[in-house]
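This is the structure, below, for whatever I ask next.
Naming convention: chains lettered A, B, ... in sequence-line order (proteins, then strands); numbering from 1 in each chain. This structure is a prediction, so every number in the text was calculated from the model and none was measured.
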Amino acid sequence: MGSDSLDKGYEPKGIEEKWYKYWLDNGFFKAKDKSDKKAFSIVIPPPNVTGVLHMGHALNNVIQDIMCRYRRLLGYNVLWMPGTDHAGIATQNVVERDLAAQGRTRDQLGREEFIEQVWKWREKSGGAIINQLKRLGASCDWDRERFTMDEGLSEAVRKVFVRLYKEGLIYEGQYIINWCPRCKTALADLEVEYEEKDSYLYYIRYPFTDSKNKDSKNKDQKNKDQKSKGHKNKDQKKGLIVATTRPETMFGDTALAVNPDDPRFKDLVETEVVLPLTDRTIPIIRDEYVDTEFGTGALKVTPAHDPNDFNLGEKHGLAKLKVIGDDGCMLETAGKFAGLDRAECRKQAVEELIELGLLEKKVSIKHSVGNCYRCHTDVEPSISKQWFVKVAPLAEKASEAVRSGRTKIIPDIWSKTYFEWMDNIRDWCISRQIWWGHRIPVWKCPECRAVIVEETDPTECPTCGSKEIVQETDVLDTWFSSALWPFSTMGWPENTDLLKTFYPTNVLVTGFDILFFWVARMMMMGIHFMDDEVPFDDVYIHALVRDEHGKKMSKSKGNVIDPLKVIDEYGADAFRFTLAAFAAQGRDVKMSESRVEGYRNFVNKLWNASRFALMHITQKDTVIDQNKLSLAEKWILSRSAATALAVKEGIENYRFNEAASAAYQFVWHEFCDWFLEMAKPALYEKEGVQRRDTARSVLSRVLEDIIVMLHPFMPFVTEEIYNILPATSGSVMNAAFPYDETVYGNNRNEKIEKNMGFVFGLISDIRNIRSEMNIQPSMKIKVLANTEDEKEKIIIAENKTVIVNLASLESFYFCDAENLPSSSATSVTGNTTCFVSLEGVIDFEKEIKRLEKDLEKNTKELLGVQKRLNNESFLDKAPEKVIAKVKAQHAELEEKNEKLQTNLERIKNMK
RNA sequence: GGGCGAUUAACUCAGCUGGGAGAGUGCAACCCUUACAAGGUUGAAGUCGCAGGUUCAAGCCCUGCAUCGCCCACCA
């Protein structure tokens, strides 16, 4: 450490790079395929290869890194499996955009050439996020980095597809799916995001067919209806009014539907209506599905462009007439509107309806519209031939695994959401009409219509021998390959050592936003293909990172905080600690720079404390002689042990905020604020050489423990300090976590902690008096403490050493209360009164006022406790432990009250 | 429509199986005390969203209400 760096605050820049390289060069992140050590494994949620590190990634990966580094300190063989996801639609969009900038399209390139372009893109810029993860300090085993389109993973995908197909769990079918006209592909239900939009509800009249065509009976009845219902029925006279938000789909209507129980249509005799703007007529059907409350009670049925209507169509055997094409433009079936964009068609169709007098009215309405999760274009529900996974049987097992506790979801509240989804799951549309992805391994024979699904590419039709077989052009949903991630990355379908050692993984760390997309599907696939073994023991669901006001970070709002900029400014350690400190379960993390700044100061505090320690620690010998320890030294060793335990439990129970704040509190407010100050007299050799050496040893030991227990949170600065400390050698990553069950009892001493608490109270009181009475810091004061029984004498005697050690802060000596100096102020702590004697003149008025205030406060508190103790029901029913506690509290307060009163009288007399 | 969460100091949040509310930041006052002004000491500040209930005892459990947020769902 050069003297330059000593002058300034901690400067993370060069240090972070240096140590990350060191760790990589020395293979600290490497997992062993086989080992005698206990195994610990996590697979990374693979970021999209197009991804740029955002706050969500940062939180997610910092949590994983904390766990991995912690387990290494415990001596585990740790595998943190890294990788990226090929992100089918997202990546294809990026590359297409690049092409568009050159004025080219993917169709011009053709499939093979285009895919080649994507691979090139990936090589050039696809690894960006990996380097960004490294800046965070992520300790993944990078040599094992996987990509969902790797050869090995593709083989796994192929095997899984073929097996599911042969088991009858994959099928092809004509169904209504969500179509993105911009990406020109089908989307799974999950990939559609719904958004409330302002829209209109159009009331369109569908006229009855000309009455001339009807038989006379109907005609008569119709006339009769008109008469009886009068003008109210004016609308029905000419047809049925239908309310719709999507007039452009009317060309695909193949029926109107009304509820059979709807009184408004009880007397309706017409069986068909004319479809406006066309020359078609469509039937009126009756179905209970129709909501009598909504609109006019009459529903247009468009089986090819609405999921509900699709079902109605199936039920009533209606034709499914597709009118909107894959590019979002109207088809020939839309008559003269063919070729128009669907939005334009809506506009023109409505205009024409107005001209024809068929638009009754248009009403504003809030309407939720689905859009593509990748490009946010409105999706078009459309009928199409797609591949599906029959998920119900898989979901059942995945659901059971969580119900039985084989996999634990943390926090448990998410289990319910998980069950809800698993138990109501719909078949999963896995085909996508894009080029980038795993091409569906299905071949069809145009001659004999055979379908060939095999693990190796067929060259001819096994049924008729035709060589003309053609492969399916669709690719698989990206999530299909990610669903295999926990075992495909470990070499499946081979039964590798890696799998044997590390599957099932210990924990999966993820945000709830991909609970269904990813976690649920990994559960299904893992159980199905790994002999009923769940992919992970625990699923830890962490919060979402939001801005400081709790809003979702988004580019359009301009409230995005770039993790890399934060790292640049405050250092990765400070950033990581901030994330950990705010990662309380079940609540969103609100991130703001000022918070990072606070923890940057903490890093600096640690740095400066270490600098101080280095001025004194000179030798490597850190053997501690228990018999030579001062009270303060025993105390700090005890607190250090307690803190290590708190950190351990925090990390192991996914309560990272608790672990972080325990460490923070200890390092700053116990180690720095108290211990370092108390150690100074000894360190500066004011108590002899032996005491100095003991103090050095304790300082060295505790600082080392702190560095190691903070390492999972702040890897860089701890490595730097660890390497500077004289007592340590090698990397902090080889150190042992400073919690040892067998010695914990020896280090932890609650009696000592209590006694120190007493001393702290005493000192606080003295400072309080100084502050309240405006005693100049430069003014020396004497402190006298009176003790009243043997027990306290012991404590005080013990304290005396400590207090003498505090020479730089205050000076103490002890006397009887009777020997009061002529001018004094008092304070009461616990069972002891202390008097501060002043060399100057005391302000009696002020001191009396202060004491009176104290007395009042104390009396109030005492009365409260008394009231409780007078309550018979309380004494009767409360557990003994509680009663004893309250009684002790009462005694304490009573005594304090007495002393305050005595002191007050004395002061008054002095005056 | 169904489900979930939140509401605690000026701000951001802890508070685990009920036993008299905590932290950080901010604020005020005083301090360059030889690791640290990115610091130290001291202090002020809360009807724990509202209303009922259970209990000897409620921030915590129950019921209802209000406000905000999220998820799911096939409301044309």
Please figure out whether A:Leu676 or A:Gln665 has its closest RNA chain B nucleotide nearer the 5' end.
-> A:Gln665
Pairing stems for RNA chain B [at least three consecutive pairs; Watson-Crick or G-U; under 3.5 angstrom] = B:1-7 with B:66-72, B:10-13 with B:22-25, B:27-31 with B:39-43, B:49-53 with B:61-65
Inter-nucleotide C1' distance (B:A38, B:G24), Å rounded = 15 Å
Applying ring-ring contact (aromatic ring centres under 6.0 Å, His included), name anything that partners A:Tyr289, two or more places apart in sequence or on another chain.
-> none
Answer with base, sugar-phosphate or nothing: what part of the nucleic acid does A:Thr245 contact at a heavy-atom distance below 4.0 Å?
-> sugar-phosphate
Nearest to the side chain of A:Arg611 - B:A35, B:A76, B:A38?
-> B:A35
Take atom C1' in B:G40 and the same atom in B:U33, then report the distance between them in whole Å.
-> 9 Å
Atom pair distance, as rounded to whole Å: CD in A:Glu597 and P in B:G26 = 8 Å
For A:Asn601 and B:G39, is the shortest distance between a side-chain N/O and OP1 or OP2 below 4.0 Å?
-> yes
Given B:G5, B:U34, B:C72, the nucleotide with the shortest approach to the side chain of A:Tyr684 = B:U34
Output the single nucleotide from B:G19, B:G15, B:A76 whose closest atom is nearest the side chain of A:Glu658.
-> B:G15
Rounded distance in Å - CZ (A:Phe874) to P (B:A58) = 12 Å
Using the C1' atoms only, state how far B:A37 lies from B:A44, rounded to an integer number of Å.
-> 23 Å
Taking only the side-chain nitrogens and oxygens of A:Lys877, find out if one of them lies under 4.0 Å from OP1 or OP2 of B:U55.
-> no
Is a salt bridge present between A:Glu856 and A:Lys853, judged by a nitrogen-to-oxygen distance below 4.0 Å?
-> no
Looking only at atom P, what distance separates B:C31 and B:G15, rounded to whole Å?
-> 39 Å
Looking at A:Arg595, A:Arg600, A:Glu593, which hits side chain to side chain contact (heavy atoms under 4.5 Å, CB included) with A:Glu597?
-> A:Arg600
Atom P, compared across B:A21 and B:G26: separation rounded to whole Å = 26 Å
State which residues pass ring-ring contact (aromatic ring centres under 6.0 Å, His included) with A:Phe516; sequence neighbours excluded, sorted by chain then number.
-> A:Trp421
Give every donor-acceptor pair under 3.5 Å between a side-chain atom in residues 867-876 of chain A and any protein atom, sequence neighbours left out.
residue	atom	partner	partner atom	Å
A:Asn870	ND2	A:Gln866	O	3.4
A:Asn871	OD1	A:Ser873	N	2.9
A:Asn871	OD1	A:Phe874	N	3.4

Evaluation steps, side-chain hydrogen bond (donor to acceptor under 3.5 Å, both in side chains), between A:Thr859 and A:Lys857 = CA-CA 6 Å; A:Thr859 308; A:Lys857 202 172 148 194; over 6 Å; no
Looking across every strand, which nucleic acid part, if any, lies under 4.0 Å from A:Pro879 by heavy atom: base, sugar-phosphate, or nothing?
-> base
Passing candidate, side chain to side chain contact (heavy atoms under 4.5 Å, CB included) with A:Trp414, options A:Val539, A:Ile541, A:Val519 = A:Ile541
How many Å lie between CG on A:Leu515 and P on B:C70, as a whole number?
-> 18 Å
Regarding the side chain of A:Leu190, the nearest nucleotide among B:C72, B:G19, B:U12 is B:C72
Between A:Lys300 and A:Val882, just flag the one whose closest nucleotide in RNA chain B comes earlier from the 5' side.
-> A:Val882
Side chain of A:Lys416 - closest among B:C36, B:C4, B:A76 = B:C4
Taking the six-membered ring of A:Tyr203, is the NZ or CZ of A:Lys362 close enough (under 6.0 Å from the centre) and on axis enough (within 45°)?
-> no
Determine the interatomic distance between P on B:A14 and the same-named atom on B:G5; round to the nearest Å.
-> 15 Å
Ring-ring centroid check A:Tyr664 A:Tyr599, cutoff 6.0 Å = yes
Choose from B:U12, B:A35, B:A76 the nucleotide whose nearest atom is closest to any side-chain atom of A:Tyr289.
-> B:A76
Looking at A:Lys680, does any N or O in its side chain come under 4.0 Å of the phosphate oxygens OP1/OP2 on B:A35?
-> yes
Side-chain N or O of A:Tyr203 closer than 4.0 Å to phosphate OP1/OP2 of B:A76 = no
Atom-pair distance (OH on A:Tyr664; P on B:A14), nearest Å = 17 Å
Look at the side chain of A:Asp291 and decide which nucleotide, out of B:G19, B:C75, B:G15, has an atom nearest to it.
-> B:C75
Between protein and nucleotides 40-45 of chain B, map the contacts as a letter string: B base, S sugar-phosphate only, - none, heavy atoms under 4.0 Å, written 5' to 3'.
-> SSSS--
Pick base, sugar-phosphate or nothing for A:Val290, based on heavy-atom distances below 4.0 Å to the nucleic acid.
-> base
Of the candidate nucleotides B:G19, B:A38, B:C56, which contains the atom at the shortest distance from the side chain of A:Arg600?
-> B:A38
Can you tell me how far C1' of B:C4 sits from CH2 of A:Trp414, to the nearest Å?
-> 7 Å
For A:Lys408, does the NZ atom sit with more than 12 other heavy atoms under 6.0 Å from it, leaving out its own atoms?
-> no
Taking atom P in both B:C62 and B:G19, what distance in whole Å separates the two?
-> 16 Å
Residues 646-662 of chain A, side-chain donor-acceptor partners within the protein, below 3.5 Å, at least two apart:
residue	atom	partner	partner atom	Å
A:Lys648	NZ	A:Glu652	OE2	3.4
A:Glu652	OE2	A:Tyr70	OH	2.5
A:Asn653	ND2	A:Glu649	O	2.9
A:Tyr654	OH	A:Asp538	OD2	2.7
A:Ser661	OG	A:Asn657	O	3.2
A:Ser661	OG	A:Glu658	O	3.4

With a 4.0 Å cut-off, would you call A:Arg342 and A:Glu248 a salt bridge?
-> no
How is A:Arg246 classified with respect to the nucleic acid when contacts are heavy atoms under 4.0 Å: base, sugar-phosphate, or nothing?
-> nothing
Taken to the nearest whole Å, CD/A:Glu677 to C1'/B:A35 is 9 Å
Between A:Glu880 and A:Lys887, is there a side-chain N and carboxylate O pair less than 4.0 Å apart?
-> no
Looking only at atom C1', what distance separates B:G18 and B:C48, rounded to whole Å?
-> 15 Å
Report the distance from atom CG of A:Asp513 to atom P of B:C71, rounded to the nearest whole Å.
-> 9 Å
State which of B:A76, B:C4, B:C36 makes the closest approach to the side chain of A:Ile413.
-> B:C4
Separation of A:Met250 atom CE from B:A76 atom C1', in whole Å?
-> 14 Å
